[in-house]
Amino acid sequence: MNFIKGLSSYFFTLIVLVSGWACSLNLLADESLQANFLNPPDSAKPQTWWHWMNGNVSKQGITADLEAMQRVGVGGFEAFHVTDGVPAGPVGYLSDEWRPAHETRDY
């Protein structure tokens with residue numbers, strides 16, 4: 001009988017310890033979840049489409065757009081040169097003037 005009481009006491013202690021450990025892991029997971037929510041890893045940041053409107057681009061405009069995207073947490077983009085229904089701007093697609101504007105940063 002003493003053996004059974006000792007064994008049950010042992011298991012009760014073990015259950016309490018494991019429960020405490022599980023609660024600690026839960027708290028760590030909650031803190032990690034909150035930290036990742038406030039500062040998401042690059043793989044979890046939103047991305048967007050970025051339309052370049054038929055030659056209506058400039059190096060200053062591209063730089064301002066990239067800085068704004070970085071400031072609000074955009075993690076990436078897909079750039080599209082859009083011409084359909086958009087009046088042509090002063091910079092021709094892939095022209096000598098367009099290339100330096102496009103090569104603003106490493107992205």
Side-chain angles (χ1 to χ4, degrees):
M1 189 68 132
N2 283 338
F3 174 75
I4 292 175
K5 281 185 179 179
L7 193 58
S8 65
S9 176
Y10 170 78
F11 280 119
F12 177 76
T13 303
L14 184 62
I15 289 170
V16 168
L17 290 174
V18 169
S19 296
W21 178 69
C23 288
S24 296
L25 286 179
N26 239 357
L27 290 175
L28 290 175
D30 287 347
E31 290 172 10
S32 176
L33 181 63
Q34 182 178 9
N36 283 334
F37 181 80
L38 296 174
N39 277 313
D42 288 341
S43 62
K45 290 182 179 179
Q47 297 193 6
T48 189
W49 284 5
W50 188 17
H51 292 113
W52 291 26
M53 306 304 283
N54 199 11
N56 294 290
V57 297
S58 68
K59 187 172 185 173
Q60 295 81 11
I62 292 168
T63 299
D65 284 352
L66 289 170
E67 289 172 352
M69 283 189 248
Q70 183 179 28
R71 192 170 45 255
V72 299
V74 173
F77 59 85
E78 291 183 44
F80 297 90
H81 181 74
V82 179
T83 60
D84 194 29
V86 179
V91 181
Y93 182 67
L94 291 178
S95 67
D96 289 339
E97 191 178 5
W98 182 89
R99 293 180 84 80
H102 178 265
E103 296 165 0
T104 302
R105 289 191 182 176
D106 293 329
Y107 44 82

Checklist entry - If every non-hydrogen atom of N54 is compared with every non-hydrogen atom of V86, which pair is closest and at what distance? => result ND2-O, 2.8 Å

Next on the checklist: Please say yes or no: joined through hydrophobic side-chain contacts below 4.5 Å, possibly via intermediate residues, are F77 and Y93 part of one cluster?
Outcome noted: yes

Item to check | Approximate separation, where rounding is to 0.5 Å, of M53 CE and D84 CG | outcome: 10.0 Å

Checklist entry - Would you say the side-chain atoms of N56 pair up with the backbone N or O of P87, donor to acceptor, closer than 3.5 Å? => result yes

Item to check | Rounded distance [0.5 Å steps], NE2 in H81 versus CH2 in W52 | outcome: 10.0 Å

Item to check | W50 side chain reached by L66 side chain, heavy atoms, under 4.5 Å | outcome: yes

Checklist entry - Do you reckon L33 sits in the same ILVMFWY cluster as L38, going by side-chain contacts under 4.5 Å, direct or chained? => result no

Checklist entry - For the residue pair P46 and G73, what are the closest heavy atoms and their distance? => result CD-O, 3.7 Å

Next on the checklist: Please report the interatomic distance NZ(K45) to CG(N39), rounded to the nearest 0.5 Å.
Outcome noted: 7.5 Å

Item to check | Single-linkage hydrophobic cluster L94~I62, side-chain heavy atoms < 4.5 angstrom | outcome: yes

